[in-house]
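For reference, the structure is listed below as structure tokens.
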Amino acid sequence: MPDTTTSAPLAVPAAPVVGTAAARPEPAGRRRSARARWAGLAFVLPAWLYVVAFYLYPLLGNVRMSLRDYTVRSFYTGVAPFVGWQNHRLVWADDAFAGTVRNTVLFTVGSLFFQFSIGLALAVFFRRRFPLGGLLRSLLLVPWLLPLVVSGTAWRWILETDSGVLNQTLLGLHLVDQPVPWLASTDHALLSVTLVNIWVGIPFNMVILYGGLQAVPEHLYEAASLDGAGPWQRFWRITFPLLRPVTAVVLTLGLIYTLKVFDVIMVLTQGGPADSSQTLTTYAYDLSFQQLAFGRGAAVGNLLILVAVVFAFVYLRATRDGGSRDGGSRDGGSRARAAGRAR
């Protein structure tokens, strides 16, 4: 008998209708990532606007001014002929430029050396705990906290030739026969402004180096002492090597700050007498606002900016170089043993 049972037809999946399927929801993680990017941009954008408005725009304006013949009339008419590198050539050919560069180098090197040396000595001294040590350390910050104009005015009174405190003290102790013209002599003016700048910068070096010393493990000194190392061996083989990252930062920042010192010199000597204490900063001011040679003043400013940018990159590299600090901490025990063997 034939099978009359009818089989059910196979179900064929319906083809999706284009445009009618519901859109898949966007993953929550992707939405959060997009919001995070926009939030990060919202936080960074004001900082970039600030940098562009107050750093990049003036920098480009200074470069533009150094390539044109700017006069007082140019600020009213807006007309400043393009002269190319003529302003830079005039600066290099100026008789005062070589002496100014020499003064800048002597002022910078002398300031950095003594600021760092005295600051490091004070940092090592204050590493030991003693009564009123914190108070004394706070009082030593006063030169750094005072406005430079105030510091310069006080030192101008101290270094005054006829009635200055320093000369009166030296005369009273019979160390000199006549008052020393600290600010009025071409032989002493640069020395005087350098000493004042050293006094201003010592606290900064002391604070940064003191913070670096706190990161040196105490057990390294104890191990070196047990091995027989003396104070000098412990300093040169433990303290100073482990301070190298901090030292690079301090010297680089100190160099940048010293190159742009203006207030102290202007208050004390104004670059005189006879340009004996003139540095690049005061030289740029003299060209721009005394001789009204704005293009040449901007050219000197470009030189200062170039030097500062070079050492700024050195500073950024030193601050990112964390490997040397970690490596120094890891082999600190070997330094302590070497200090003991060097005894």
- Roughly how far, to the nearest 0.5 Å, is the CG atom of Leu190 from the CZ atom of Arg102? 7.0 Å
- Message: Are more than 12 heavy atoms, taken from residues, nucleotides or ligands other than Phe262, located less than 6.0 Å from that residue's CZ atom?
- Response: yes
- Value for CG (Leu268) from CD1 (Ile158), rounded to nearest 0.5 Å, stands at 10.0 Å
- Query: Taking a hydrophobic cluster as the set of Ile, Leu, Val, Met, Phe, Trp and Tyr residues connected by side-chain heavy atoms closer than 4.5 Å, whether directly or through intermediates, do Leu148 and Met206 fall within one such cluster?
  - Reply: no
- Message: Applying a strict under-4.5 Å side-chain criterion to I, L, V, M, F, W and Y, I'd like to know whether Ile202 and Val264 cluster together.
- Response: no
- Task: Determine whether more than 12 heavy atoms belonging to other residues, nucleotides or ligands lie under 6.0 Å from atom CD of Gln270.
- Result: no
- Tell me, please, which residues at least two apart from Trp182 pass side chain to side chain donor-acceptor pair (under 3.5 Å). Asn167
- Message: Please find the pair of heavy atoms, one from Gly271 and one from Ser277, that lie closest to each other, and give the distance.
- Response: C-OG, 3.1 Å
- Message: If you compare all heavy atoms of Val267 against all heavy atoms of Arg156, which two are closest, and at what distance to 0.1 Å?
- Response: O-NH1, 3.2 Å
- Just wondering, do Ser74 and Phe294 contact through their side chains at under 4.5 Å, heavy atoms? no
- Message: Any heavy-atom pair between the side chains of Asn205 and Leu120 that's under 4.5 Å?
- Response: no
- Query: Taking all non-hydrogen atoms of both residues, which atom of Gly301 and which atom of Asn62 are closest, and how far apart?
  - Reply: C-ND2, 4.1 Å
- Would you indicate whether Phe82, at its atom CZ, is surrounded by more than 12 heavy atoms from other residues, nucleotides or ligands within a distance under 6.0 Å? yes
- Item | Side chains of Leu292 and Thr71 in contact at under 4.5 Å (non-hydrogen atoms) | no
- Side chain proximity check, Phe116 to Leu209, heavy atoms < 4.5 angstrom: yes
- Message: I'd like to know whether CZ of Phe114 has more than 12 heavy-atom contacts from other residues, nucleotides or ligands below 6.0 angstrom.
- Response: no
- Query: Is there side-chain contact between Thr100 and Val300, with heavy atoms separated by less than 4.5 Å?
  - Reply: no
- Going hydrophobic residue to hydrophobic residue with side-chain gaps under 4.5 angstrom, can you get from Val105 over to Val91? yes
- Message: Take a 6.0 Å sphere around CZ of Phe75 and say whether it holds more than 12 heavy atoms from other residues, nucleotides or ligands.
- Response: yes
- With the side chain counted from C-beta on, respond yes when Val207 and Leu141 share a heavy-atom pair under 4.5 Å apart, and no when they do not. yes
- Message: Quick one, Asn197 and Val193 - any side-chain contact, counting heavy atoms below 4.5 Å?
- Response: no
- Message: Under 3.5 Å, is there a donor on one side chain and an acceptor on the other for Asn103 and Tyr283?
- Response: no
- Item | Residues, nucleotides or ligands: over 12 heavy atoms within 6.0 Å of Gln178 CD | no
- Message: Is there a path of hydrophobic side-chain contacts, each under 4.5 Å between heavy atoms, that joins Tyr257 and Trp199?
- Response: no
- For residues Arg64 and Tyr70, is any side-chain donor paired with an opposing acceptor at under 3.5 Å? yes
- Note: Trp144 and Pro203 closest approach over all heavy atoms is CB-CB, 3.6 Å
- Do Gln115 and Ser111 have side-chain atoms, one donor and one acceptor, less than 3.5 Å apart? no
- Message: Can you confirm whether Asn87 sits close enough to Arg68 that some side-chain heavy atom of one is under 4.5 Å from a side-chain heavy atom of the other?
- Response: no
- Message: Show the nearest heavy-atom pair for residues Tyr221 and Arg234, with the distance to one decimal.
- Response: O-CD, 3.8 Å
- Message: Tell me every residue that passes side chain to side chain donor-acceptor pair (under 3.5 Å) with Thr161, counting only those two or more places apart in sequence or in another chain.
- Response: none
- Closest non-hydrogen atom pair between Ser192 and Leu159, with its separation: CB-CD1, 4.1 Å
